[in-house]
There are 2 protein chains.
Amino acid sequence: MPPKPKTEFERQQLRTLIMDAARELFVSRGVEAVTMREIAKRIGYSATSIYLHFADKEALIRAICDTDFLALADALKNNLVITDPVERMLAFGRGYAQFALNYPNHYRMMFMTEHPPCDPEISSVQQNNAEQDAYFQLKIVVNEVFLAGKFKPDLKDSELIAQTVWAGMHGVCALQISMANDIWVNWAGIEQRLQMMQLTLMRGLMRD
Amino acid sequence: MPPKPKTEFERQQLRTLIMDAARELFVSRGVEAVTMREIAKRIGYSATSIYLHFADKEALIRAICDTDFLALADALKNNLVITDPVERMLAFGRGYAQFALNYPNHYRMMFMTEHPPCDPEISSVQQNNAEQDAYFQLKIVVNEVFLAGKFKPDLKDSELIAQTVWAGMHGVCALQISMANDIWVNWAGIEQRLQMMQLTLMRGLMRD
DNA sequence: GTTGTTAAATTAACGATGTTAAGTAAAAAG
DNA sequence: CTTTTTACTTAACATCGTTAATTTAACAAC
């Protein structure tokens, strides 16, 4: 039953319908385990219909990632109301970890798998817009601590500090996602590990 | 030309021939991109022959991982000759990162993808054997610093410290492997980021 | 030495996947 | 009323991991 020309709005609507169905499946079982046919069935379409809206599976994944970067930025921006720069940075880190651990398959898709470099032409995320770009938010949050003179005096590169903080939190989250079930390691509780990382980063970066 | 019974040695030999060919391909292009047929062709066998030695692709990957944990432990144990515990821990971290960045596809296979929990019955790595178990090495190295009273006095859980150090280094390496080509982030040099992480961890963990 | 038996390998084939090509129905355009 | 365009579907393809059926060759028993 293939009807008639669709308005641009209807096209967008179907596009997001596909993305929402795909996201739900990806998040619950990971991108590899989900087939195009399955996504299509979920929304009552044929598999090939997806290709009218996305060039291939990779493009679909990328598009979803893209809107999820928005979701991450949106979730994190709530912390920006905290006035104390140091408290804000800590809350920001906790929020980031919470996102990672609440949506591990998502997080894996966004930060643990190599995607071809994201084309800013196509991306719906505006880089360096604090509302939309979580990395930009991180830079701001760290830089405000930096400007407040809270870091050790020999630390002069604010962005390098930001990348270190990111790496530290990412390390804990990524190991948790990939290796939590590995009986080889007698893991401490994830909450404990997160707190320990934040404590260590703080002590290592902040002025005494 | 399929001849007759092989001695156990010949079977082992073919098994490692398969593993070596597979490893080389996996390391250069990642596990997903390499097909069983390709591995087989590389050693002049038919694809199905591999299944006479490994239950499936996953089992082959796991077997390779397994021997690579040995390789990692072997590479890292050279640092154990360093006498000063703190210097030894630093060198250990650098060695770990070097392994990760020299063999990124390997590292991804070992630490960045979820494998079903490793069965110690099957594994050829002896857990808690310092010669073979890199995580055990890490625990020892950290614990020696701990016993030397070098950590901050309120840090009482040596294994939690080890896991934090691991997470920090893993974070830098993992982001490098997955996101180095992401133009979104203005990455500092990888060497700089590694050094900054080590500096920060040290300052955050060690007694003043 | 012929004849089974068995191990090691192969070729054929299966089902699933991402994807492309060809076809179809209905609305719009002329 | 015809023609074109649009949204979709079904068929089909190549490739993948994997299994089944088949071949080949060495050994064992008589």
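Chain letters run A, B, ... following the sequence lines, proteins first, then strands; residues in each count from 1.
The closest side-chain donor-acceptor pair between B/R23 and B/T67 falls under 3.5 angstrom. A/D133 and B/W184 share a side-chain donor-acceptor pair at under 3.5 Å.
When the P atom of C/dA8 is taken as reference, atom CD of B/E10 falls 9 Å away, rounded to whole Å. The distance from atom NZ of B/K57 to atom C1' of C/dA16 is 15 Å, rounded to the nearest whole Å. A straight line from CG of B/L60 to P of D/dG17 spans 11 Å, rounded to a whole angstrom. Rounded to whole angstrom, the span from the CD atom of A/E58 across to the P atom of C/dT19 amounts to 9 Å. Regarding A/Y51, its OH atom lies at a distance of 19 Å from the P atom of D/dA12, rounded to whole Å. Between A/R11 atom CZ and D/dA7 atom P there is a gap of 6 Å when expressed in whole angstrom units. Distance B/I50 CD1 to C/dT10 C1': 14 Å, rounded to the nearest Å. Going from atom CG of A/L52 over to atom C1' of D/dT6 covers 10 Å, rounded to whole Å.
For the atom pair CD of A/Q176 and CG of A/L101, the computed distance is 6.0 Å after rounding to the nearest 0.5 Å.
A/L14 comes within contact range of the sugar-phosphate backbone alone, with a heavy-atom separation under 4.0 Å but no base atom that close.
Dashed line: the shortest gap from a side-chain N or O of B/Y45 to OP1 or OP2 of C/dA9 is under 4.0 Å.
Under 4.0 Å is where a charged nitrogen must lie from a carboxylate oxygen, and between A/E38 and A/R29 at least one such pair does. Salt-bridge annotation for A/E144 and A/K139: absent, with no side-chain N of the basic residue lying under 4.0 Å from a carboxylate O of the acidic one.
Taking only distance into account, the side chain of B/T48 meets the base of C/dT11 through a donor-acceptor pair shorter than 3.5 Å.
Distance from the side chain of A/S49 is smallest for D/dT9 among the nucleotides C/dT20, D/dT9, C/dT10.
DNA chain D is contacted by B/V34, B/T35, B/M36, B/R37 of residues 17-41 of chain B, taking any non-hydrogen atom closer than 4.0 Å.
A distance of 6.0 Å or more separates the ring centres of A/Y103 and A/F26. Ring centroid separation for the pair B/W166 and B/Y135 comes in under the 6.0 Å cut-off.
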